[in-house]
Amino acid sequence: MSADPKVLLNDLLKTALKSVAPDQLEITILLERPKQANHGDFATNLALQLAKPLKRNPRELAALLLAELPPSKLIEKAEVAGAGFINFTLAAEAKTAVVGEVLSKGADFGRGDRKNIKVLVEFVSANPTGPLHVGHGRGAAYGASLSDLLAFAGHEVSREYYVNDAGRQMDILALSTWLRYLACFGIEITFPPNAYQGDYVTEMGRDLRDAHQDRFARVTVEQLLAGTPGLPPAERKDDEAKDMREQHLDALIANAKRLLGDEYGWVHGFALNEQLGDGRDDLGEFGVRFDKWFSEQSLFDTGLVERAVAQLERQGHIYVQDGAKWFRSTAFGDEKDRVVQRDNGLYTYFASDIAYHLNKYERGFDRIIDVWGADHHGYIPRVKGAVAALGLAPSKLEVALVQFAVLYRNGQKTSMSTRSGEFVTLRELRKEVGNDACRFFYVLRKSDQHLDFDLDLAKSQSNENPVYYVQYAHARVCSVLNQWGGEVAELLAAELALLNNERELALCARLGSFPELIQNAAADHAPHQIAFYLKDLAAEFHSWYNAERMLVEDEALKLARLALARAVQQVLASGLELLGVSAPQSM
RNA sequence: CUGCCCGUAGCUCAAUUGGAUAGAGCACCGGCCUUCUAAGCCGGGGGUUGCAGGUUCGAUCCCUGCCGGGCAGGCCA
């Protein structure tokens, strides 16, 4: 007989089903935990589901099922209720058994069986062109928790960051850095308004000078500006002026490449490594780690981009128009066809992304999860289309969209543009509200919901942040166990039957649902469910803590209650771990 | 104009994937510290789930049409 009451009930119902409706055995028996206490510990709508195919009254069917249900000592009561639900009330020993299970399994309680499923989770993947901002922070917190959650649920998980080290944005960063560097030597032109403005670029310019002195400074202002169209007046916002600024920037980049020659790679690499290292440190402090940093440039270096496009071409999914190569994504449900290779011969970002996904599939993952900002939603059909066109299974690819986090300061939105230099960085946010509160706050709502991050509130009311509520429950258990001073192993022998009041049984039921929570949250890609579970568990613990004493005279009762407290502590710690939040011993 | 996402208590959000009387936290009101941590507990008010239809035993959830908000619609990434 299984220790899990859910498995037991499922078996019993199946037996009853065999005699009541022998031809309906394929039906999945749904067992849920009712919201209302007077509906028992578990409920099933099996009779309601059977009503239609059997064309019979659901309440009658429920009564029949009950009559055929094999007896069990672990069921105290089973009754028909409402429209035809069957409600089960478990015997006390069936409810409290979970405490022993938690104590014996420890940190493994709730861990799913190994499923032999390889999952790749790619997240953050921000351009390494500046500090991570609060929007990236949300993707980082979500992706990290999702990864840990999937792993805990029994999947084999790889965490990956896609480094966009090959595109124009990186060239702009390299140019921006170089211009700041040159300014250190008095070689100064008007800094382009569409280059990277942030102070970190000025700092990189200085660092580059400190590391290499005047090695990259043998140019004149005239050489820099040669052949550039010049900048329109700052007040002009029209499209033509914008175009001119972009052309000016591209001309400057071209000049930089020509003037620096092979040295350009040094400057480019310097800026890339500075920003990548900064992001890695930032995320590391945030408790977010990756198994692999995947370079976009490597896709070109290994010829995979070419191979991917060639394969599409061979299978007739590519045509040439206006000198460019187009992927016929409309054949796969996209709104319009997309360019993969420009008329100037350069591949688009989309082309390297196709190659990247081909690579992901070739590495043999069973499931591939891309965590993207919600502004990329229009991008999904073309990527899935490309995957299908390559003969790969689009169903293996899932895209989790994370809505932006909008930061409020003094009741007003703050800009998060990297270009403007006015963004609030993830690092600043972490410093202000702390890593724990940050991680918890980020996953406290569904990922597809907008997140209003009120900085003033987070600062001024940080003591009321829900994360402390959960951590406090953990610290309280630690404190009680310390005062008791006994060996935790002793608690395995506790007489759990002594846990019999309403609050204690409610806590047991909550603990018992932890494994289901893990499976559901993992299947839904919804780490926020863990945060809500922890809040509920903490609330029930605090309530119990205030109503009953644990360190009582009666030795047996004391051990039983401490065993329950210890089990709560374990599950709180396991849940917090999944969210990347610390479980403090004292507060 | 077209496509995707979202509309739930004054505010920020949940709701066991279609279940029974829609729940928490802030905020507001009233109680509880000589006893294991008051970053806590107990009690109270607060809702036509944007609007109108449809599907069925049953809808916050699924379908259609409106209303309102966000985001996309580059040979940018």
Side-chain angles (χ1 to χ4, degrees), chain A residues 30-36 38-39 43 45 48 51-52 57-59 81-85 87 125-127 129 164 166-170 246 296 321-326 335-336 338-344 346-353 373-381 401 403-404 406 444-446 448-454 457 461-473 475-484 513 516-517 520-521 523-524 526 528-529 531-533 535-536 538-539 541-552 558 561-562 565 586-587:
Chain A
L30 222 63
L31 278 163
E32 53 184 30
R33 297 173 188 266
K35 296 174 208 165
Q36 281 176 257
N38 62 349
H39 290 155
N45 64 349
L48 290 161
K52 185 169 241 179
N57 180 313
R59 280 193 68 104
F85 293 96
N87 293 342
S125 300
N127 277 342
T129 52
N164 296 120
R168 177 171 180 259
Q169 296 305 320
M170 268 311 303
E246 295 303 318
E296 180 188 4
Q321 186 182 310
D322 302 330
K325 281 186 183 173
W326 297 71
E335 290 175 347
K336 52 173 293 196
R338 311 289 174 175
V339 171
V340 290
Q341 192 175 18
R342 293 192 274 262
D343 57 4
N344 61 10
L346 291 177
Y347 287 104
T348 61
Y349 173 87
F350 181 41
S352 47
D353 228 10
D375 56 332
H376 283 60
H377 65 79
Y379 202 70
I380 297 173
L401 293 179
Q403 293 286 343
F404 278 130
V406 180
L444 199 49
R445 51 218 64 204
K446 271 191 300 205
D448 57 4
Q449 288 277 1
H450 288 97
L451 170 59
D452 292 339
F453 209 126
D454 188 329
L457 195 72
Q461 302 193 349
S462 60
N463 281 359
E464 288 163 13
N465 194 303
V467 69
Y468 295 107
Y469 184 79
V470 177
Q471 289 180 316
Y472 190 50
R476 271 182 153 176
V477 179
C478 293
S479 173
V480 174
L481 289 174
N482 279 337
Q483 288 181 43
W484 169 56
S513 69
E516 294 162 43
L517 167 84
N520 286 338
D524 290 357
H528 77 275
Q529 289 180 11
F532 280 90
Y533 173 89
K535 280 169 67 180
D536 289 341
F541 172 76
H542 285 309
S543 177
W544 177 55
Y545 181 94
N546 275 271
E548 310 285 348
R549 280 187 66 80
M550 286 171 244
L551 301 176
V552 292
K558 178 168 76 181
R561 287 184 173 167
L562 288 172
S586 66
M587 289 175 72

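In what follows, chains carry the letters A, B, and so on, assigned in the order in which the sequence lines appear, proteins first and then strands, with residues in each chain numbered from 1. Side chains included, hydrogens not; waters and symmetry mates left out as well; all remaining heavy atoms used.
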Does [N] have OP1 or OP2 under 4.0 Å away from a side-chain N or O of [X]?
X: T348(A); N: rG74(B); value: no
X: K446(A); N: rA15(B); value: yes
X: Y472(A); N: rA39(B); value: yes
X: Q449(A); N: rA14(B); value: yes
X: R476(A); N: rA39(B); value: no
X: Q36(A); N: rG23(B); value: no
X: R549(A); N: rU35(B); value: no
X: K336(A); N: rG74(B); value: yes
X: H528(A); N: rA15(B); value: yes
X: S479(A); N: rU37(B); value: yes
X: Y379(A); N: rG3(B); value: no
X: K35(A); N: rG23(B); value: no

Please check this pair: side chain of [X] against backbone of [Y], looking for a donor-acceptor N/O pair closer than 3.5 Å.
X: N57(A); Y: R59(A); result: yes
X: W326(A); Y: Q321(A); result: yes
X: R445(A); Y: H450(A); result: no
X: H542(A); Y: Y469(A); result: yes
X: R342(A); Y: G323(A); result: no

Sugar-phosphate, base or nothing in reach of [X], heavy atoms under 4.0 Å:
X: N127(A); result: sugar-phosphate
X: N87(A); result: base
X: A523(A); result: nothing
X: S513(A); result: nothing
X: W484(A); result: nothing
X: Q471(A); result: nothing
X: E296(A); result: nothing
X: N344(A); result: nothing
X: A51(A); result: nothing

remark   = Under the rule of Watson-Crick or G-U wobble with both distances under 3.5 Å, where | means paired to another strand and [ ] a crossing pair, RNA chain B maps to (((((.(..((((.....[...)))).(((((.......))))).....(((((..]....)))))).)))))....
Is the closest side-chain heavy-atom distance between [X] and [Y] below 4.5 Å?
X: M550(A); Y: W544(A); value: yes
X: L401(A); Y: D375(A); value: no
X: D343(A); Y: D322(A); value: no

Can you identify which nucleotide, out of [options], has its nearest atom closest to the [X] side chain?
X: L48(A); options: rA15(B), rG19(B), rU37(B); result: rG19(B)
X: N164(A); options: rU37(B), rA77(B), rA14(B); result: rA77(B)
X: N520(A); options: rC57(B), rU16(B), rU12(B); result: rU16(B)
X: D375(A); options: rU21(B), rC71(B), rU37(B); result: rC71(B)
X: A475(A); options: rA20(B), rU37(B), rG40(B); result: rU37(B)
X: H450(A); options: rG70(B), rG19(B), rC71(B); result: rG70(B)

Atom [atom1] of [X] to atom [atom2] of [N]: distance rounded to whole Å?
X: F532(A); N: rC13(B); atom1: CZ; atom2: P; result: 10 Å
X: M550(A); N: rG40(B); atom1: CE; atom2: C1'; result: 12 Å
X: R168(A); N: rG74(B); atom1: CZ; atom2: C1'; result: 12 Å
X: L444(A); N: rA14(B); atom1: CG; atom2: P; result: 8 Å
X: D322(A); N: rG74(B); atom1: CG; atom2: P; result: 15 Å
X: N546(A); N: rA39(B); atom1: CG; atom2: P; result: 11 Å
X: N38(A); N: rA20(B); atom1: CG; atom2: P; result: 12 Å
X: F350(A); N: rC76(B); atom1: CZ; atom2: P; result: 14 Å

task = Report yes or no: is the cationic atom of R476(A) (NZ for Lys, CZ for Arg) under 6.0 Å from the centre of the six-membered ring of Y545(A), at an angle within 45° of the ring normal?
result = yes
query = What interatomic distance, in whole Å, is found between C1' of rC75(B) and the corresponding atom of rC67(B)?
reply = 39 Å
message = Suppose you measure atom P in rG40(B) against the same atom in rA27(B); what distance do you get, rounded to whole Å?
response = 11 Å
inquiry  = Pick the closest RNA chain B nucleotide for L401(A) and for G167(A) by heavy atoms, then say which residue is nearer the 5' end.
reply    = L401(A)
ask   = Is a donor-acceptor contact shorter than 3.5 angstrom present between the side chain of N45(A) and the base of rA20(B)?
value = no
Donor-acceptor pair under 3.5 Å, H377(A) side chain vs rC5(B) base = no
inquiry  = Pairing donors with acceptors under 3.5 angstrom, does anything connect the side chains of S352(A) and E296(A)?
reply    = yes
ask   = Is the glycosidic angle of rC41(B) within 90° of 0, making it syn, or outside that range, making it anti?
value = anti
ask   = Who are the side chain to side chain contact (heavy atoms under 4.5 Å, CB included) partners of L30(A), not counting sequence neighbours?
value = N45(A)
query = Taking the six-membered ring for Trp, does F85(A) stack with rA20(B) (centroid gap under 5.5 Å, planes within less than 30°)?
reply = yes
